[in-house]
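Following: one structure in structure tokens, then a few remarks.
Just follow the structure's listing: the first ligand is 1, and inside any ligand the first atom is 1. Positions are given from 1 along the sequence.
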Amino acid sequence: MNVVRTIPALRAALAEPRRTGASIGLVPTMGAFHEGHLSLMRRARADCGVVVVSLFVNPTQFNDPSDLEVYPRDAAHDERLAEQAGADFLFAPQPHDMYPAGFATTVSVSGITEVLEGAQRGRQHFDGVATVVTKLFNIVEPDVAYFGQKDAQQALVVKRLVADLDIPVHVEVCPTMREPDGLAMSSRNRLLSEPERDRARSLHRALATVRDAVLRGERDPAAARTAALNELDRAGVQTEYLELVAPQTLTPVPSLEGETLAVVAANVGAIRLIDNETINPLSTTQNAATSTENGRP
Ligand code: AMP
């Protein structure tokens, strides 16, 4: 695996495989790799001739400077893991490479960015995501880009900008990898103390509460939501939102008759965590879908 630090060096390295027609897969990340990241890299390895993993803690998508400051960074460990997962190139630029003096352009997606994460974290968050992802697409020109369902709203935003800006890339959204107790893997989990780690399980339990209610026949979103909020309250976490929304538009569903995305964001101590689960009342394979999310298809 080659570690590449500048945009011209990456373009030069990709010129030859592109000329010979190799398909290029891109996995954009902010590092501190865990099984979630590695599952995307392995999927890219299985699908593509060349695998590029980008590692860039993008300052423009952080609304909270202290969050950016404490965001876990572990370059040597990440290089080892990316290589083991089959990456050919680890693209690790510095902020001044991505945002040189005079940088003045923002890619801004409207609509789906204004709710949930956008409402909590402000406009800047998804503007930062959309701009950096557009830059990465222009730098790497991948055939396929891999994103996690863990960040469901982000994946929708990326699909929207790819469609709207006619970017010739296929966006592949991969299942959420979880710890054995259900906690969604996240770089931020390593910042949790032991008792906080225990309380963090309540996010997954809250989503499971919604799913179980739907499978028992509950069709009233308010009732299912109240039961899930109680689960979070009992664990003593500070809920930012827990909503039952339509998977494509992110607007609250009037009834739980169709496919629903249950989304949650909560602060466990000082650590902000998010999770989501797609719930389909008509699916008889709901349990199988859940075990796929556990990384044990
Ligand atoms: P991040 O480094 O947090 O920006 O994440 C990089 C990519 O990994 C994003 O597409 C995330 O959605 C994805 N990702 C993060 N956590 C998980 C997870 N637990 N399972 C699957 N994908 C994940």
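Note on ring orientation: taking the six-membered ring where Trp is involved, the planes of Y99 and F56 are tilted (angle from 30° to 60°). Ring geometry, H37 versus H34: the interplanar angle falls from 30° to 60°, so the pair is classed tilted.
Listed here is the closest heavy atom pair of T105 and T131: O-CG2, 3.7 Å.
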Per-pair distances, ligand 1 N/O vs protein N/O, less than 3.5 Å:
{"from": "ligand 1", "atom 1": "2 (O)", "to": "M30", "atom 2": "N", "distance (Å)": "2.9"}
{"from": "ligand 1", "atom 1": "2 (O)", "to": "H37", "atom 2": "NE2", "distance (Å)": "2.8"}
{"from": "ligand 1", "atom 1": "5 (O)", "to": "H37", "atom 2": "NE2", "distance (Å)": "3.4"}
{"from": "ligand 1", "atom 1": "10 (O)", "to": "G148", "atom 2": "N", "distance (Å)": "2.9"}
{"from": "ligand 1", "atom 1": "12 (O)", "to": "G148", "atom 2": "N", "distance (Å)": "3.2"}
{"from": "ligand 1", "atom 1": "12 (O)", "to": "G148", "atom 2": "O", "distance (Å)": "3.2"}
{"from": "ligand 1", "atom 1": "12 (O)", "to": "D151", "atom 2": "OD2", "distance (Å)": "2.7"}
{"from": "ligand 1", "atom 1": "16 (N)", "to": "M185", "atom 2": "O", "distance (Å)": "3.4"}
{"from": "ligand 1", "atom 1": "19 (N)", "to": "M177", "atom 2": "O", "distance (Å)": "3.0"}
{"from": "ligand 1", "atom 1": "19 (N)", "to": "M185", "atom 2": "O", "distance (Å)": "2.9"}
{"from": "ligand 1", "atom 1": "20 (N)", "to": "M177", "atom 2": "N", "distance (Å)": "2.8"}

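Between the side chain of N280 and the backbone N or O of E259 there is no donor-acceptor pair closer than 3.5 Å.
Expressed to the nearest 0.5 Å, how far CD of Q124 lies from OG1 of T60 amounts to 7.5 Å.
For the residue pair S108 and D127, a side-chain donor N or O sits within less than 3.5 Å of a side-chain acceptor on the partner.
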